[in-house]
Chemist: 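Below is the structure I would like to discuss, written out as structure tokens.
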Amino acid sequence: SAIWQCMVGESLSDIEKIILTGSGGPFRTRAINTFADIKVSEALNHPNWEMGKKITIDSATMMNKGLEVIEAYWLFNIDVNMIDIVVHPQSIIHSMVEFKDSSIKAQMGVPDMKVPIQYALTYPNHLSAPWERLDFKLLGDLSFEAPDFDRFPCIKLAYMSLDRMGSTPAVLNMANDYSVYKFLNSEIKFTEIPKIIEAAMIDHQWVEKPDLDYIEGLSPSISIDQKSSSRNPRSTVGTVTEIYDYLRLLFSRIGSQHCVKCNNEITKHSVEDILNFVVSLPINTRITILSPIIRNQTIQDKGFIKNFQKLF
């Protein structure tokens, strides 16, 4: 709703970036090494919002922001590289749109779900309502920070699902529903939520254009034990050709559509160029973006493996 309201009267061609804000939930500053001990009651104790249990857990993992990235991609037909997430602990700015002239529109208000719900019902009008108003004189500071993907790996998984596309975003959503349900019933640990989602994304039989029958047939019975989970070679980046294509995609995603040095399109670069680019990235970034390849057990090209080893 916030992005939608910021776009009223604007042209999509004038937009530079969509900025989704999220509070960071109850674990924004909690030590990561204690996440395995998180209790359901703690995860349901959101600092700002009063919501249903499922969406509250999504806020604790920040999967809610990952899902919003996917929604924004489809609803506004905007490139995923133009969608950013910013952590905003006060939950006063609900999202922003930045335009090509550097101006930014922000939708603000008290953190109350009644506001966007009413607007959805009364659009395009903003009808009078009896609830709390935002008082800037009493507001204090507004702060912002970059999301921590180590703390909130679900965000990273959502972006990864858009990289792979096809059936992957639907599987991500299904696996998230499944794992949150398991956590709410105290059947898994909080830290297993992203592990289950990632396993489902990697292990499922990937389909380029899934139909409703395919989606309805997705099974929620996902193995929690990552070591015993069987790997389908076709569900990862399975052949050397696919790996090269995947690396080219990563190059264009993390770099740009054109090389800074030669201004040629990325697709014209050799695999060696792409590997050299990946080598220049921080080790944590390399591990994150190359994880689908790392997990692949079917690579037979020894020359590629030799080149690949230098990434680490």
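Just so it is clear, the structure is predicted and the values come from calculations on it, not from any experiment.
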Chemist: Could you work out, with salt bridge (Lys or Arg N to Asp or Glu O under 4.0 Å) as the rule, every residue matching Glu71, not counting sequence neighbours?
Modeler: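 Partners of Glu71 by the salt bridge (Lys or Arg N to Asp or Glu O under 4.0 Å) criterion come out as none, since no residue qualifies.
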Chemist: Among residues at least two apart in sequence or on other chains, which ones pass side-chain contact (heavy atoms from CB on, under 4.5 Å) with Thr29?
Modeler: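 For Thr29 there are no side-chain contact (heavy atoms from CB on, under 4.5 Å) partners, ignoring immediate neighbours.
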Chemist: Taking the side chain as C-beta and beyond, is there a heavy-atom pair between Val97 and Ile19 under 4.5 Å?
Modeler: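 No; the side chains remain at least 4.5 Å from each other.
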Chemist: Look up atom OG in Ser179 and atom CD1 in Ile193, then write down how far apart they are to the nearest 0.5 Å.
Modeler: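 Going from OG on Ser179 over to CD1 on Ile193, the span is 5.0 Å.
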Chemist: Is a side-chain donor-acceptor pair under 3.5 Å present for Gln90 with Ser143?
Modeler: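 Their side chains do contain a donor-acceptor pair, which is all the 3.5 Å distance test asks for.
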Chemist: Any chance you could measure Ile197, atom CD1, to Lys156, atom NZ, to the nearest 0.5 Å?
Modeler: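 So the gap between those two atoms works out to 12.0 Å.
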Chemist: Please examine the side chains of Asp84 and Leu20, heavy atoms only from C-beta on, and report whether any two atoms are closer than 4.5 Å.
Modeler: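 No; the side chains remain at least 4.5 Å from each other.
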Chemist: Are the side chains of Phe149 and Leu157 in touch, meaning some heavy atoms are under 4.5 Å apart?
Modeler: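 No - every pair of side-chain heavy atoms lies 4.5 Å or more apart.
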Chemist: Give a yes or no on whether Ile32 and Ile57 share a hydrophobic cluster (residues Ile, Leu, Val, Met, Phe, Trp, Tyr; joining criterion: side-chain heavy atoms under 4.5 Å apart).
Modeler: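 Shared cluster, no.
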Chemist: Report the residues that fulfil salt bridge (Lys or Arg N to Asp or Glu O under 4.0 Å) with Asp177, sequence neighbours left out, ordered by chain and then residue number.
Modeler: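 Applying salt bridge (Lys or Arg N to Asp or Glu O under 4.0 Å) to Asp177 gives Lys54.
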Chemist: Who pairs with Glu10 by salt bridge (Lys or Arg N to Asp or Glu O under 4.0 Å), at least two apart in sequence or on another chain?
Modeler: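 Lys105.
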Chemist: For Ile93, is there any backbone N or O sitting under 3.5 Å from a side-chain donor or acceptor partner on Thr21?
Modeler: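 Checking the backbone N and O of Ile93 against the side chain of Thr21, a donor-acceptor pair under 3.5 Å is found.
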Chemist: Could you go through the side chain to side chain contact (heavy atoms under 4.5 Å, CB included) check for Ile85 and Tyr159 one step at a time?
Modeler: CA-CA 11 Å; Ile85 296 174; Tyr159 277 108; 4.0 Å; yes
Chemist: Can you list every ring-ring contact (aromatic ring centres under 6.0 Å, His included) pair that touches residues 85-108, not counting sequence neighbours?
Modeler: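 Applying ring-ring contact (aromatic ring centres under 6.0 Å, His included) to every pair that reaches into residues 85-108, excluding sequence neighbours, yields Trp49-His94, His88-Phe144.
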Chemist: Is it the case that one hydrophobic cluster holds both Phe76 and Tyr73, taking links as side-chain heavy atoms less than 4.5 Å apart, direct or via other members?
Modeler: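 Linked, Phe76 and Tyr73 end up in one cluster.
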Chemist: Hydrophobic cluster membership, with links at side-chain heavy-atom distances under 4.5 Å among I/L/V/M/F/W/Y: are Ile3 and Trp74 in one?
Modeler: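 Shared cluster, yes.
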Chemist: I'd like to check the side-chain contact (heavy atoms from CB on, under 4.5 Å) partners of Asn185; sequence neighbours left out, ordered by chain and number.
Modeler: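 Residues passing side-chain contact (heavy atoms from CB on, under 4.5 Å) with Asn185: Tyr181, Glu187.
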Chemist: Residues two or more places apart in sequence or in another chain: which of them pass salt bridge (Lys or Arg N to Asp or Glu O under 4.0 Å) with Asp135?
Modeler: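 Expected list: Lys137.
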Chemist: Using the side chain to side chain contact (heavy atoms under 4.5 Å, CB included) rule, take Met201 and Met160 through it: C-alpha gap first, then chi angles, then the decisive distance, then the call.
Modeler: CA-CA 9 Å; Met201 291 170 60; Met160 188 185 299; 4.1 Å; yes
Chemist: Could you tell me the separation between the SG atom of Cys6 and the CE atom of Met108, rounded to the nearest 0.5 Å?
Modeler: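 The CE atom of Met108 is 10.5 Å from SG of Cys6, to the nearest 0.5 Å.
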Chemist: According to side-chain contact (heavy atoms from CB on, under 4.5 Å), who are the partners of Ala36, at least two apart in sequence or on a separate chain?
Modeler: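 Listed in chain order: Lys189, Thr191.
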Chemist: Would you find more than 12 non-hydrogen atoms of other residues, nucleotides or ligands less than 6.0 Å from Trp131 atom CH2?
Modeler: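 It does: Trp131 CH2 has more than 12 such atoms within range.
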Chemist: Does Met63 belong to the same Ile/Leu/Val/Met/Phe/Trp/Tyr cluster as Ile83, with side-chain heavy atoms less than 4.5 Å apart forming each link?
Modeler: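 Yes: a chain of side-chain contacts under 4.5 Å links Met63 to Ile83.
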Chemist: Quick one: CD1 on Ile78 to CD1 on Ile15, what's the gap to the nearest 0.5 Å?
Modeler: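 Answer for the CD1-CD1 pair, Ile78 versus Ile15, is 5.5 Å.
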Chemist: Distance check, rounded to the nearest 0.5 Å: Phe190 atom CZ versus Phe27 atom CZ?
Modeler: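 The CZ atom of Phe27 is 5.0 Å from CZ of Phe190, to the nearest 0.5 Å.
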Chemist: Flag the pair Arg151 / Thr61 as yes when at least one side-chain heavy-atom distance between them is below 4.5 Å, and no otherwise.
Modeler: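 Side chain of Arg151 against side chain of Thr61, heavy atoms only: no contact under 4.5 Å found.
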Chemist: Could you walk me through whether His126 and Gln5 satisfy the side chain to side chain contact (heavy atoms under 4.5 Å, CB included) test, starting with their C-alpha distance in whole Å, then the side-chain angles of each, then the deciding distance to 0.1 Å, before giving a yes or no?
Modeler: CA-CA 11 Å; His126 293 269; Gln5 292 182 59; 3.3 Å; yes
Chemist: Can you confirm whether Val87 sits close enough to Met62 that some side-chain heavy atom of one is under 4.5 Å from a side-chain heavy atom of the other?
Modeler: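 Val87 reaches Met62 side chain to side chain.
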Chemist: For the residue pair Ile70 and Asn173, establish whether any side-chain heavy-atom pair is separated by less than 4.5 Å.
Modeler: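 The answer is no, as the side chains (C-beta and beyond) never meet within the 4.5 Å cut-off.
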Chemist: Same cluster for Val86 and Val80 if Ile/Leu/Val/Met/Phe/Trp/Tyr side chains link at under 4.5 Å?
Modeler: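 Unlinked, Val86 and Val80 end up in two clusters.
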Chemist: Quick one: salt bridge (charged side-chain N to carboxylate O under 4.0 Å, His left out) pairs with a partner in residues 35-47, sequence neighbours left out?
Modeler: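 Pairs touching residues 35-47 that pass the test: Arg30-Glu42.
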Chemist: If you measure from the Lys or Arg side-chain nitrogens to the Asp or Glu carboxylate oxygens, is any gap between Asp14 and Lys100 under 4.0 Å?
Modeler: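 Result for this pair is no, no salt bridge flagged.
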Chemist: Check Phe183 against Ala43 and note the closest heavy-atom contact, atom names and distance.
Modeler: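 Closest pair (atom of Phe183, atom of Ala43, distance): CE2-CB, 3.8 Å.
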Chemist: Do any pairs count as a salt bridge (charged side-chain N to carboxylate O under 4.0 Å, His left out) and have a residue in residues 60-70, sequence neighbours left out, and if so which ones?
Modeler: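 As it turns out, the salt bridge (charged side-chain N to carboxylate O under 4.0 Å, His left out) pairs with a partner in residues 60-70, which skip direct neighbours, are Lys65-Glu68.
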Chemist: Does either side chain, that of His46 or that of Thr56, offer a donor lying less than 3.5 Å from an acceptor on the other one?
Modeler: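 Judged by distance alone, the side chains do not pair up.
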Chemist: So how far is it from Asp58 CG to Cys154 SG, rounded to the nearest 0.5 Å?
Modeler: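 With rounding to 0.5 Å, CG (Asp58) is 8.0 Å from SG (Cys154).
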Chemist: Pairs of donor and acceptor atoms involving the side chains of residues 110-119, under 3.5 Å and at least two apart or interchain, shall be tabulated with distances.
Modeler:
unit_1 : atom_1 : unit_2 : atom_2 : d
Asp112 : OD1    : Lys114 : N      : 2.9
Asp112 : OD1    : Lys114 : NZ     : 3.2
Asp112 : OD2    : Lys114 : NZ     : 2.8
Gln118 : NE2    : Leu127 : O      : 2.9

Chemist: Does any part of the side chain of Met7, heavy atoms only, come nearer than 4.5 Å to the side chain of Leu12, both counted from C-beta?
Modeler: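 The answer is yes, as the side chains (C-beta and beyond) meet within the 4.5 Å cut-off.
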Chemist: Which residue, Gln205, Glu208, His204, forms the side chain to side chain donor-acceptor pair (under 3.5 Å) with Ser167?
Modeler: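 Of the listed residues Gln205, Glu208, His204, the side chain to side chain donor-acceptor pair (under 3.5 Å) partner of Ser167 is His204.
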Chemist: A side-chain contact here means heavy atoms from C-beta on lying under 4.5 Å apart; do Arg28 and Ser23 qualify?
Modeler: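 Contact flag for Arg28/Ser23 side chains = no.
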Chemist: Which residues pass the side-chain contact (heavy atoms from CB on, under 4.5 Å) test with Ile104, not counting sequence neighbours?
Modeler: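 For Ile104 the side-chain contact (heavy atoms from CB on, under 4.5 Å) partners, ignoring immediate neighbours, are Met96, Glu98.
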